[in-house]
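Keep in mind that what you see is a predicted model, and the values were worked out from it rather than measured.
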Amino acid sequence: MTTHPVRFYQVGSFAAGNRLLDDDQRSVQADPNRSNSLDSGHRACQGCGEALGARYALDAAMRATHGQLVAVNATGCLEVFSTPYPETSWRIPWLHSLFGNAPAVATGVAAAMKVKGRRDVRVVAQAGDGGTVDIGLGCLSGMFERNDDVLFICYDNEAYMNTGVQRSGATPPAARTATTEAVGPEPGNVFGQGKDLPRIAMAHDIAYVATATVADLHDLEQKVERAMELRGARYIHILVPCPLGWGSDPSATIRVARLAKETGLFPVFEAENGVVTSASPIRRRTPVEAYLSIQRRYAHLFGEHPHTEVIARLQAIADKNIETYGLLDDEAKQATPEGIDE
Amino acid sequence: MLRQIEGSRAVAETVALCRPEVVCAYPISPQTHIIEALGAMVKSGSLTPCEFINVESEFAAMSVSIGASAAGARAYTATASQGLLFMLEAVYNAAGLGLPIVMTLANRAIGAPINIWNDHSDAMAVRDSGWIQLFAETNQEASDLHIQAFRLAEELSVPVMVCMDGFILTHAVEGIDVPEQSVVDAFLPPYEPRQVLDPADPVSIGAMVGPEAFEEVRYLAHLRQLDALERIPSLAEAFAEAVGRPSGGLLHAYRTADAETIVVALGSVLGTIKDAVDARREAGERIGVVGITAFRPFPGDAVRAALSGARRVVVVEKAFSIGFGGVLSTDVAMATHGGPGSLRTVIAGLGGRPITRRSLEVMLVAAGQDQLPPLTFLDLDHAIVERERGRMTRTRRSGPSAENILRDLGTVASRIG
């Protein structure tokens with residue numbers, strides 16, 4: 001990703017307004033001729049981060065490929081809310097096969113396009129975190145290892161939301177889900193080893209790996225466009241808050257995503273050929289409480305008897321990310337840690 | 001031209017003549033020689049244009065085939081046994097989506113206990129998946145069926161599985177004729193998909209379908225299989241005309257004209273059965289054979305007609321439904337209800353147990369004397385089973401049964417054959 005010198009960001013969001021950018025750097029969504037790959041009228045919940053992320057990602061991919069795009073979808077919320085016929089929201093060729101095979105199906109589509117001499121037609125496969133880090137991981141690793149010409153996008157909302165918010169391998173420690181209930185001496189999800197898919201993808205030495213959130217959609221679009229400039233296996237991991245599963249206000253989806261990044265809990269970076277090439281710096285370091293306390297899935301950590309030691313462990317995860325990815329630039333290091341006032 | 005080649009080699013060469021555009025491969029015995037040969041053809045450039053993809057599992061093999069087929073490419077893969085079960089979800093999905101993938105199934109037993117040898121448990125496990133299942137009696141037929149399979153699959157938009165007995169056919173070297181490219185090209189037109197992922201004409205494939213339409217979609221799949229019942233004989237005729245030999249069709253009848261007893265079976269065991277039947281004929285018995293080629297769709301009318309003159313039907317099966325009995329027998333019974341007199345099921349050849357002509361003849365003698373029980377396990381060692389049963393009665397912690405039986409048998413290799 002090319003960094004941009006413009007710093008006229010809005011207070012709080014740090015997002016640069018489109019009007020301050022040159023025409024060719026304005027967002028795809030600002031273009032009245034955008035493709036609307038995932039069209040309005042679908043049945044996603046209010047404030048759905050996944051619908052937002054998919055719309056931006058696919059429209060960016062459509063622009064990058066001049067409309068020559070095929071999408072393969074794993075089973076999950078995105079598949080279900082977009083296609084109850086006769087009301088499909090997809091304006092691009094779209095195939096859903098199964099929960100755990102989207103990477104392999106995409107490999108097949110890419111192989112067909114290659115053998116038919118249609119190298120101009122590009123393939124995006126997409127899945128939620130369950131379809132990516134759990135049930136789809138075998139197929140995904142195979143696709144990476146073969147370096148098939150597929151961009152795989154994970155919309156990570158950190159649990160199995162479509163089936164009713166059960167824990168996935170991407171569910172963070174302490175989070176309450178329907179299978180990691182907020183009961184017992186250690187309520188919520190366990191502190192495991194985690195399953196860091198971006199790093200697992202990087203370990204395959206594929207051309208491009210990036211993370212993004214729906215708080216910085218311009219950054220997301222640029223990463224998708226960068227991914228489509230390259231051939232071979234590519235991976236983008238997008239954090240997409242789920243108001244239903246996370247217990248956050250539907251109007252706070254962007255804010256929650258931004259806090260995930262600003263706390264350091266979700267590092268936003270990109271890597272090429274297995275090496276991190278850039279990380280989006282934290283603008284104003286924010287303690288994890290600011291992120292946790294606005295989500296009911298962490299409500300058991302607060303209240304009359306706050307689990308300060310659990311919050312401290314979560315802060316330690318954020319601190320480690322900040323150090324690992326160098327998320328604090330000079331500007332942020334001088335800023336006083338505080339919550340974002342919006 | 002007849003050449004002495006391995007069955008797998010013949011199938012690989014024949015599949016190549018069908019110009020597959022995407023071939024996925026995950027190795028499992030006894031399918032390996034087929035995909036190895038195809039891989040070499042693609043890598044050397046003799047099979048082009050074709051993408052040969054070494055996938056990480058059978059689940060991926062079928063999934064890649066699904067993607068390739070939905071994008072308009074002619075897709076082929078091969079598997080067996082555990083591999084078929086591992087891809088089961090995708091096997092159903094390919095049929096549900098109506099994608100004309102062709103797959104060779106090198107029939108093999110399913111574990112546990114793990115066993116690499118031939119029976120038909122794998123094919124029976126996917127009986128209801130919506131795939132057309134064609135069983136080859138010989139390597140020549142296995143080879144020929146693939147050419148018909150691609151055309152059948154693509155005409156109907158239904159996936160087709162060509163079942164050939166693992167090792168017995170896949171690894172047998174015999175005289176096989178693989179047609180010329182021009183003959184296959186004349187028989188098999190290029191794939192024209194009914195649905196395709198095309199940016200110029202975007203469609204959504206694989207949408208959620210609720211109770212309002214699911215039954216209709218399933219019924220349509222049934223109708224297409226019924227269409228296949230019409231199409232399979234006509235394709236076999238067209239094939240015979242184009243290639244100059246009969247191959248395929250719904251079933252093959254052998255010496256059934258005046259037969260009082262008819263043996264029904266699938267696959268390569270029909271050869272041995274015919275030998276046994278010839279021997280019984282010489283002994284004066286009026287006995288014949290019906291070999292079923294199309295197991296799905298099941299040719300009920302043709303089976304009923306073929307068995308209509310028989311007083312006894314003996315179904316020899318290399319698989320069975322545990323806790324019930326024969327699988328093929330059930331279909332035959334349904335097809336002939338109210339028809340011929342007795343129907344007997346003989347389970348034989350499980351896990352590669354040789355089905356000898358001698359054992360078959362002993363069984364057929366009993367059948368001819370109406371002394372065959374409704375369900376027989378051919379050559380079953382009852383003593384060894386009773387020994388393990390006794391052990392299980394005496395001791396709670398009797399241990400793993402398969403290993404106990406092997407220990408009781410001692411050196412088993414010498415017993416095979």
Is there a donor-acceptor contact under 3.5 Å linking the side chains of B:His146 and B:Thr104?
yes

Report yes or no: do B:Asn93 and A:Ser97 form a side-chain donor-acceptor pair below 3.5 Å?
yes

Look at A:Pro84, A:Ala106, A:Gly138 and state which one has the largest set of heavy-atom pairs under 4.5 Å with chain B.
A:Gly138

For chain A, find which of B:Ser57, B:Gly96, B:Ser204, B:Ala200 contributes the most heavy-atom pairs closer than 4.5 angstrom.
B:Ser204

Nearest 0.5 Å please: distance from the CZ atom of B:Arg108 over to the OG1 atom of B:Thr79.
9.0 Å

State plainly whether the residues A:Glu272 and A:Arg226 are in salt-bridge range, i.e. N to O under 4.0 Å.
yes

Interface check, chain A: of B:Ser65, B:Ser69, B:Ala60, most non-hydrogen pairs under 4.5 Å belong to B:Ala60

Which portion of B:Val203 sits near chain A, non-hydrogen atoms under 4.5 angstrom:
backbone

Tell me, out of A:Arg91, A:His96, A:Glu79, A:Met143, who's got the most heavy-atom pairs with chain B below 4.5 Å.
A:His96

Heavy-atom pairs under 4.5 Å with chain A - which of B:Val209, B:Val196, B:Asn54, B:Asp201 has more of them than the others?
B:Asn54

Using non-hydrogen atoms and a 4.5 Å limit, figure out which bit of A:Gln68 sits close to chain B: side chain, backbone, both or neither.
both

Pick one of side chain, backbone, both or neither for B:Ile53, based on which atoms fall under 4.5 Å of a heavy atom in chain A.
side chain

Taking side chain as everything from C-beta outward and backbone as N, CA, C, O, which of these in A:Ala111 sits under 4.5 Å from a heavy atom of chain B? Side chain, backbone, both or neither.
both

A:Gln193, CD atom: more than 12 neighbouring heavy atoms under 6.0 Å:
no

4.5 Å side-chain heavy-atom contact, B:Pro159 and B:Met103:
no

So which part of B:Cys50 gets closer than 4.5 Å to some heavy atom of chain A, the side chain, the backbone, both or neither?
backbone

Tell me whether the rings of A:Trp94 and A:Trp90 are parallel (<30°), tilted (30 to 60°) or perpendicular (>60°).
parallel

Heavy-atom pairs under 4.5 Å with chain A: which of B:Ala90, B:Ala71, B:Ser63, B:Ala68 has the most?
B:Ser63

Answer with yes or no whether the side chains of A:Asp59 and A:Ser35 bring together a donor and an acceptor at under 3.5 Å.
yes

For A:Val72, is it the side chain, the backbone, both or neither that has a heavy atom under 4.5 Å from a heavy atom of chain B?
neither

Part of A:Leu69 lying under 4.5 Å from any heavy atom of chain B
backbone

Side-chain donor-acceptor pair present, A:Arg55, A:Asn36, cut-off under 3.5 Å:
yes

I need the residue from B:Ala94, B:Ala213, B:Ala75, B:Gly72 with the largest number of non-hydrogen atom pairs under 4.5 Å to chain A.
B:Gly72

